[in-house]
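Here is the structure we will look at, set down as structure tokens.
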Amino acid sequence: MISAPRGTRDILPAESWKWAYIVKTASETMKDFGFSEIHLPIFEHTELFSRGVGETTDIVEKEMYTFNDRGGRSITLRPEATAGVMRCALENNLCVQGASAKLWNWGPMFRHERPQKGRYRQFYQIDAEYLGVPGAMADVEVISLSLELFRRLGLKNLEAVINSVGCEKCRPLYRKKLVEYFSAHKDELCETCLDRLGRNPLRILDCKKESCSHVADGAPDIYDSLCDECREHFAEVRAGLERLGFSYRLSKRLVRGLDYYTKTAYEILSGDLGAQNAVAGGGRYDNLSSAIGGGKVPGVGFACGVDRVMIVMEEQGCSFGVAPEITAYAVALDDASRPAVQVLTYDLRKAGIPAECDASGRSFKAQMKSAGVCRFACIIGSEELSAGTVSVKDMKAGTQENIPVSSAAEYIKARL
RNA sequence: GUGAGUGUAGCGCAAUUGGUUAGAGCUUCGGAUUGUGGUUCCGGCGGUUGAGGGUUCAAGUCCCUUCACUCACCCCA
């Protein structure tokens, strides 16, 4: 037997309608916030991610599904959505001459990591990006959108964490300060962090090892290094969130693992997940467009992990709306009635009534049993067949009426 | 990539210190005087105990290898 590859899974009927509910809720929320849906390729040129996400990131260094296609081009299954959205906007001139774009999409992402709770090799993200607007109001639009989505889904006990990671002007200075500081504490850092010291010192702040964390406590404060523009932007984002009534936690330690982030970085955490506790993450990325070879297009966005949202919603007993169900089950009393039963079933379906019938020749009793989970059983036997009628039984009330088969749909609709 | 834990029927489980033919429950299918479901009762289907090797008179049980799953590290959605 061939099984699904590690880190992938099938979303079966028992679950798929819940996924549809999440996506539908997201779609409505996006619409209310003025975001338009787009569909993007699931694979892109490898270069898009190596340049956009950053050569030294974990994603690019060891997590991408990369292969050469038959034309010898290096192709990568998208590990995240933002780079692709930016590529799309640049390629289609969505943000020229001062225009902005609010775009959302959802679908599978791929990262070759060891699977664990809330982490899969093929996982699903709902992604929103606001492109072309450099000001803090755009950041607030995006963050409030993500929080509103979770409010509508009914998620409880979430924590929003926010930080500013500076821009190309002030981050190099801060980086230099960090390197100086951590170099003086080399003996207290773990091996990984020693490596990070040369490559990406900001990430040391994010290390969960106690010794590193302890050293990081005394590290220079990024807020002291922010340039005036970044400082002001950060203050405006915070003020904007507060005006909308959101509470959040400031964290100087929040450093996203992707290189393209500038200024705002944020995550939304849930205590009802495992170690992978982020249900959404995002921020501003004003350098991404030039990193992938386009003109200057600022942007801010977030990605939400659908798999993780699902875990939290199940954990918290959230509602997924109404499960799909069959309203009417047409039952054949004998073999001679089976064709008429299929005709009736089709007529009900044409009228918009979810209807079902047995196609495998099961007994009358077995058909009635299946009808038991439906609201109506529509029974046809020899008597009904010759009279052109159907016996419609209300399975909840236990009552039954013999009516012309031509009026069955109308009869059922009137009683729903 | 590293570590730990777990693999018995479609599902969740049981099987004395290694000891007959691996068992019930749920699901599913069928039946209970031949045109009426849910409750109840009866019955059927269903397993190479993840796979391979070893120890033993004897392995679901012990050992090794391998695979898968789960959780954690790392990192992130």
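Labels below follow one simple rule: chain letters A, B, ... track the order of the sequence lines, proteins then strands, and each chain is numbered from 1.
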*Between A:Phe364 (CZ) and B:G37 (P), how many Å, whole number?*
7 Å
_Cation over ring face, A:Arg152 and A:Phe150, 6.0 Å, 45°_ = no
*Nearest-neighbour nucleotide for the A:Lys365 side chain, B:U36, B:G37, B:C73 considered*: B:G37
*Is A:Ala280 touching bases, backbone alone, or none of the nucleic acid, heavy atoms closer than 4.0 Å?*
sugar-phosphate
*Distance between the P atoms of B:C71 and B:A58, in whole angstroms?*
40 Å
*Would you please classify the geometry between the A:His112 ring and the A:Tyr65 ring as parallel, tilted or perpendicular, with 30° and 60° separating the classes?*
tilted
*Interatomic distance, A:Glu63 CD vs B:C74 C1' [rounded to whole Å]*: 9 Å
*Within the structure shown, what part of the strands sits under 4.0 Å from A:Asn402 by heavy-atom distance: base, sugar-phosphate, or nothing?*
nothing
*Would you say A:Tyr124 stacks on B:A77, if stacking means ring centres under 5.5 Å apart and planes within less than 30 degrees?*
no
*asked:* I'd like to know if A:Glu384 reaches the base of B:G35 with its side chain, counting only an N/O donor and acceptor under 3.5 Å.
replied: yes
*Rounded to the nearest Å, what distance is computed from the CG atom of residue A:Asp358 to the P atom of nucleotide B:U28?*
14 Å
_What contact category does A:Gly282 fall into here, base, sugar-phosphate, or nothing, at under 4.0 angstrom with non-hydrogen atoms?_
nothing
*From B:C73, B:G37, B:G35, pick the nucleotide closest to the side chain of A:Ala275?*
B:C73
*Can a cation-pi geometry be assigned to A:Arg284 and A:Tyr261, taking NZ or CZ under 6.0 Å from the six-membered ring centre and within 45° of the ring axis?*
no
*Distance between P atoms of B:U61 and B:U21 (Å, rounded)*: 16 Å
*Considering residues at least two apart in sequence or located in another chain, which fulfil the ring pair (Phe, Tyr, Trp, His ring centres under 6.0 Å) criterion with A:Phe67?*
none
_Nearest-nucleotide comparison on RNA chain B, the residue closer to the 5′ end among A:Asn277 and A:Ala4_ = A:Ala4
*asked:* Any base atoms under 4.0 Å from A:Ala377, or only sugar-phosphate, or nothing? Heavy atoms, all strands.
replied: nothing
*Please find out if less than 6.0 Å separates the ring center of A:Tyr223 from that of A:Phe234.*
yes
_From CD1 (A:Ile353) to CD1 (A:Ile326), nearest 0.5 Å_ = 11.5 Å
_Under 4.0 Å between a side-chain nitrogen and a carboxylate oxygen: does that hold for A:Glu410 and A:Lys413?_
no
*So what does A:Phe110 touch, heavy atoms closer than 4.0 Å: a base, only the sugar-phosphate, or nothing?*
nothing
*Let me have RNA chain B in dot-bracket notation, would you? Count Watson-Crick plus G-U wobble pairs, both distances under 3.5 Å, and use [ ] for pairs crossing earlier ones and | for inter-strand partners.*
(((((((..((.(.....[...).)).(((((.......))))).....(((((..]....))))))))))))....
*How far does the C1' atom of B:U65 sit from the matching atom of B:C11, given to the nearest Å?*
30 Å
*Measure up the A:Tyr124 and A:Trp19 rings against each other and bin them: parallel (under 30°), tilted (30 to 60°), perpendicular (over 60°).*
perpendicular
*Separation of the P atoms in B:U40 and B:C26, to the nearest angstrom*: 9 Å
*Return yes if the base of B:C74 and the side-chain atoms of A:Arg119 contain a donor-acceptor N/O pair under 3.5 Å, otherwise no.*
yes
*Tell me: CZ of A:Arg362 to P of B:G44, nearest whole Å?*
21 Å
_Classify A:Gln400 by what it touches in the nucleic acid, base, sugar-phosphate, or nothing, heavy-atom distance under 4.0 Å._
base
*Could you please name the option among B:G37, B:A77, B:G35 that lies closest to any side-chain atom of A:Gln125?*
B:A77
*A:Ser363, nearest nucleotide to its side chain (from B:U36, B:C69, B:G31)*: B:G31
*Starting at CZ of A:Arg308 and ending at C1' of B:A77, how long is that distance when rounded to a whole Å?*
5 Å
*Using a 4.0 Å heavy-atom cut-off across all strands, classify A:Arg111 as base, sugar-phosphate, or nothing.*
base
*Is there a donor on the side chain of A:Lys369 or the base of B:G38 sitting less than 3.5 Å from an acceptor on the other?*
no
*Report the nucleotide, chosen from B:G35, B:C74, B:A77, that has the shortest atom-to-atom distance to any side-chain atom of A:Ala278.*
B:A77
*A:Lys117 NZ - B:A77 P separation (whole Å)*: 19 Å
*With nearest nucleotides of RNA chain B determined for A:Ile268 and A:His112 from heavy-atom distances, which residue corresponds to the more 5′ nucleotide?*
A:His112
_A:Lys263 vs A:Val165 side-chain heavy atoms within contact, under 4.5 Å_ = no
*Would you kindly give the CD-to-P distance between A:Gln116 and B:A68, to the nearest whole Å?*
17 Å
*What interatomic distance, in whole Å, is found between C1' of B:A59 and the corresponding atom of B:A15?*
13 Å
*asked:* Using atom C1' in both nucleotides, what's the gap between B:G12 and B:U16 to the nearest angstrom?
replied: 23 Å
*Using the C1' atom on both, measure B:A14 against B:A68 and round to a whole Å.*
23 Å
_Filter on ring pair (Phe, Tyr, Trp, His ring centres under 6.0 Å), then keep only pairs touching residues 159-199 of chain A, sequence neighbours left out; what's left?_
A:Tyr181-A:His185
*Round to the nearest Å and state the distance from A:Arg114 atom CZ to B:A72 atom P.*
13 Å
_Measuring only the C1' atom in each nucleotide, how far is B:U20 from B:G37? A whole number of Å is fine._
44 Å
